[in-house]
**Student:** 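Before I ask anything, let me first share the structure, which is written out below as structure tokens.
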There are 2 protein chains.
Amino acid sequence: MNAAAPTREQLSLPAVLEALANPLRLRVVAQLAAAPEAGLSCGELLPDVSKSTASHHWRILRDAGILEHRRDGRHIRPVLRRADLDARFPGLLDVVLANARELVRPASATS
Amino acid sequence: MNAAAPTREQLSLPAVLEALANPLRLRVVAQLAAAPEAGLSCGELLPDVSKSTASHHWRILRDAGILEHRRDGRHIRPVLRRADLDARFPGLLDVVLANARELVRPASATS
DNA sequence: TTCATCGTTCGAGTATAGGCGAACTGTTGT
DNA sequence: ACAACAGTTCGCCTATACTCGAACGATGAA
């Protein structure tokens with residue numbers, strides 16, 4: 001069950017796309033990319049689902065190699081594995097995130 | 001069940017990523033992008049699965065708006081909706097396909 | 001018209017995704 | 001030591017993905 005985080009070389013394109021194909025996950029990845037220094041915790045990034053559901057999504061993102069967990073006290077700060085992703089799939093994360101901006105801003109502003 | 005092909009404006013990033021997240025589908029999309037003029041048919045592009053399975057995958061790709069079907073005699077030629085994809089998600093298809101080359105060449109040639 | 005061909009649809013089976021609550025683990029603070 | 005908090009894990013449920021074979025529909029050829 002525990003798939004263990006893939007090394008940079010083990011990153012799989014289908015797995016990465018699969019992980020990013022979920023609106024909830026794509027949103028938190030976009031948030032992390034937009035504010036890497038904010039140090040947001042798991043709970044802060046996914047406040048709208050139960051803890052077990054949130055944990056499920058974090059696991060998929062970790063197993064795909066998109067992020068890793070850093071413990072900070074009793075919080076866990078997910079951090080993007082940007083260097084690994086950019087090395088293995090150049091341009092992919094940037095392009096996906098550039099086209100996902102409307103998911104972070106929940107389709108409100110007419111401006 | 002029939003989701004009908006989305007217009008250019010209706011293209012959804014999660015749906016597109018989901019459709020491309022399957023190795024079989026990613027491969028045929030890459031093949032179509034590499035040889036748009038070849039006019040390959042559904043059966044030629046997916047010879048290794050049953051007809052019903054192939055049809056299932058074509059439907060997902062059509063429903064995501066990645067390609068459309070053009071009848072040519074008794075064959076059907078899937079064609080990429082490149083203009084629509086590039087307009088809605090600039091750079092996405094190019095980047096994904098650039099990083100999917102190893103799927104078209106099944107990891108053999110040392111050359 | 002009759003037949004073969006190509007793809008779709010239908011029904012079914014197995015596997016996985018995504019959701020939850022309850023119970024557990026690890027950390028901090030009292 | 002103990003309580004509070006943050007995530008994880010474990011069942012469990014429902015929904016969807018993926019696969020197939022059989023039957024159906026459309027097309028072109030004999």
Side-chain angles (χ1 to χ4, degrees), chain A residues 1-6 12-29 31-32 38-80 103, chain B residues 1-6 12-29 31-32 38-80 103:
Chain A
M1 303 120 212
N2 204 333
S12 144
L13 183 55
V16 167
L17 294 177
E18 176 79 45
L20 296 177
N22 180 286
L24 220 55
R25 293 194 293 260
L26 187 51
R27 198 195 65 197
V28 297
V29 169
Q31 284 180 262
L32 284 170
L40 294 166
S41 69
C42 288
E44 289 166 332
L45 285 158
L46 277 177
D48 39 3
V49 292
S50 72
K51 292 198 297 177
S52 47
T53 298
S55 193
H56 164 69
H57 287 298
W58 293 123
R59 166 163 294 281
I60 289 176
L61 287 167
R62 286 199 316 267
D63 287 354
I66 291 176
L67 47 81
E68 59 192 7
H69 277 193
R70 296 249 174 92
R71 192 170 262 283
D72 176 20
R74 54 185 129 174
H75 293 263
I76 291 181
R77 323 268 185 210
V79 296
L80 273 183
L103 285 178
Chain B
M1 304 118 212
N2 203 331
S12 144
L13 183 55
V16 167
L17 294 177
E18 175 78 47
L20 295 177
N22 180 288
L24 220 55
R25 294 194 293 261
L26 187 50
R27 198 195 65 198
V28 297
V29 169
Q31 285 181 263
L32 284 170
L40 294 166
S41 69
C42 288
E44 289 166 333
L45 285 157
L46 278 176
D48 38 5
V49 292
S50 71
K51 292 197 296 176
S52 47
T53 298
S55 193
H56 163 70
H57 288 297
W58 293 123
R59 165 162 297 281
I60 288 175
L61 288 167
R62 285 199 315 268
D63 288 354
I66 291 177
L67 47 81
E68 59 191 7
H69 276 193
R70 295 252 173 89
R71 193 169 261 286
D72 176 20
R74 57 188 129 175
H75 295 263
I76 291 181
R77 322 267 184 211
V79 296
L80 272 183
L103 284 177

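Residue numbers begin at 1 in each chain, while the letters A, B, ... track the order of the sequences. Just so you know, these numbers use all the heavy atoms, side chains as well, and skip hydrogens, waters and symmetry mates.
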**Student:** What nucleotide among D/dG7, C/dT9, C/dT8 has an atom nearest to a side-chain atom of A/Cys42?
**Tutor:**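 Between D/dG7, C/dT9, C/dT8, the one nearest the side chain of A/Cys42 would be D/dG7.
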**Student:** What pairs meet the salt bridge (charged side-chain N to carboxylate O under 4.0 Å, His left out) rule with one or both residues in residues 40-58 of chain A, with sequence neighbours excluded?
**Tutor:**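 Residue pairs passing salt bridge (charged side-chain N to carboxylate O under 4.0 Å, His left out), neighbours aside: A/Arg27-A/Asp48.
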**Student:** Among residues at least two apart in sequence or on other chains, which ones pass salt bridge (charged side-chain N to carboxylate O under 4.0 Å, His left out) with A/Arg77?
**Tutor:**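 With sequence neighbours excluded, A/Arg77 shows a salt bridge (charged side-chain N to carboxylate O under 4.0 Å, His left out) to A/Asp72, given in chain and number order.
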**Student:** Tell me: CD1 of A/Ile76 to P of D/dG7, nearest whole Å?
**Tutor:**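 My rounded result for the distance is 6 Å.
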**Student:** Atom CG of B/Asp63 and atom P of C/dT8: how far apart are they, to the nearest Å?
**Tutor:**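 Going from B/Asp63 (CG) to C/dT8 (P), I get 11 Å.
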**Student:** Can you give one letter per nucleotide of nucleotides 25-30 of chain D, going 5' to 3': B for a protein heavy atom under 4.0 Å from the base, S for sugar-phosphate only, - for none?
**Tutor:** --SSS-
**Student:** Do you know which two heavy atoms are closest between A/Asp63 and A/Pro6, and how far apart they sit?
**Tutor:**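 Closest pair (atom of A/Asp63, atom of A/Pro6, distance): O-CD, 3.2 Å.
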**Student:** If I take atom CG in residue B/Leu67 and atom P in nucleotide C/dG7, what distance separates them, rounded to the nearest angstrom?
**Tutor:**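 It works out to 13 Å between those atoms.
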**Student:** Between A/Arg59 (CZ) and D/dT8 (C1'), how many Å, whole number?
**Tutor:**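 My rounded result for the distance is 8 Å.
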**Student:** Checking A/Arg74 now: which residues fulfil side-chain hydrogen bond (donor to acceptor under 3.5 Å, both in side chains) with it, not counting sequence neighbours?
**Tutor:**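 Not a single residue meets the side-chain hydrogen bond (donor to acceptor under 3.5 Å, both in side chains) criterion with A/Arg74.
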**Student:** OP1 or OP2 of C/dT8 less than 4.0 angstrom from a side-chain nitrogen or oxygen of B/Arg62, does that happen here?
**Tutor:**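 Affirmative; the distance criterion is met.
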**Student:** Tell me every residue that passes ring-ring contact (aromatic ring centres under 6.0 Å, His included) with B/His69, counting only those two or more places apart in sequence or in another chain.
**Tutor:**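 B/Trp58.
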**Student:** Can you identify which nucleotide, out of D/dT8, D/dC18, C/dG18, has its nearest atom closest to the A/His69 side chain?
**Tutor:**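 From the listed options, D/dT8 comes nearest.
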**Student:** Taking CG from B/Leu46 and P from C/dG7, how many angstroms apart are they, rounded to a whole number?
**Tutor:**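 The distance from CG of B/Leu46 to P of C/dG7 comes to 10 Å, rounded to the nearest Å.
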**Student:** Could you state the interatomic distance from CG (A/Leu45) to CD1 (A/Ile76), rounded to the nearest 0.5 Å?
**Tutor:**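 The CG atom of A/Leu45 sits 12.0 Å away from the CD1 atom of A/Ile76.
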**Student:** Return the polar atom pairs (N/O with N/O) between nucleotides 19-21 of chain D and the protein under 3.5 Å, or none.
**Tutor:**
unit_1, atom_1, unit_2, atom_2, d
D/dT19, OP2, B/His57, NE2, 2.4
D/dC20, OP2, B/Ser50, N, 3.1
D/dC20, OP2, B/Ser50, OG, 3.1
D/dC20, OP2, B/Thr53, OG1, 2.6
D/dG21, N7, B/Ser52, OG, 3.2
D/dG21, O6, B/Ser52, OG, 2.9

**Student:** Closer than 4.0 Å, any side-chain N/O of B/Ser41 to the OP1 or OP2 of C/dC6?
**Tutor:**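 Answer is no, no contact under 4.0 Å.
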**Student:** Of all residues at least two apart in sequence or in a different chain, which pass the salt bridge (charged side-chain N to carboxylate O under 4.0 Å, His left out) check with B/Arg71?
**Tutor:**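 B/Arg71 satisfies salt bridge (charged side-chain N to carboxylate O under 4.0 Å, His left out) with no other residue.
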**Student:** Output the rounded distance in Å from CD (B/Glu44) to P (C/dT5).
**Tutor:**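 It works out to 15 Å between those atoms.
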**Student:** Just to verify, what does A/Ser55 make a side-chain hydrogen bond (donor to acceptor under 3.5 Å, both in side chains) with, not counting sequence neighbours?
**Tutor:**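 Scan of A/Ser55 (side-chain hydrogen bond (donor to acceptor under 3.5 Å, both in side chains), adjacent residues dropped) gives none.
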**Student:** In chain order, what residues pass the side-chain hydrogen bond (donor to acceptor under 3.5 Å, both in side chains) check against B/Ser50, with sequence neighbours excluded?
**Tutor:**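 For B/Ser50 the side-chain hydrogen bond (donor to acceptor under 3.5 Å, both in side chains) partners, ignoring immediate neighbours, are B/Ser52, B/Thr53.
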**Student:** Which residues pass the side-chain hydrogen bond (donor to acceptor under 3.5 Å, both in side chains) test with B/His75, not counting sequence neighbours?
**Tutor:**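 By the side-chain hydrogen bond (donor to acceptor under 3.5 Å, both in side chains) rule, B/His75 matches no residue at all.
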**Student:** What's the angle between the local helix axes at either end of the helix from C/dT1-D/dA30 to C/dT30-D/dA1, using five pairs per end and rounding to 10 degrees?
**Tutor:**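 That helix has its two terminal axes inclined by roughly 20°.
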**Student:** Taking all atoms of both residues into account, what is the closest heavy-atom pair of A/Leu32 and A/Pro78, and its distance?
**Tutor:**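 Minimum heavy-atom contact is CD2-O, 3.3 Å.
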**Student:** To check you understand the geometry: which heavy-atom pair defines the closest contact between A/Ala19 and A/Ile66, and what is its length?
**Tutor:**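 Minimum heavy-atom separation between A/Ala19 and A/Ile66: CB-CD1, 3.6 Å.
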**Student:** Indicate, with a heavy-atom threshold strictly under 4.0 Å, whether B/Arg77 touches base, sugar-phosphate, or nothing.
**Tutor:**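 Counting heavy atoms under 4.0 Å across all strands, no contact is made by B/Arg77.
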**Student:** Separation of A/Ile60 atom CD1 from D/dT8 atom C1', in whole Å?
**Tutor:**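 Result: 14 Å.
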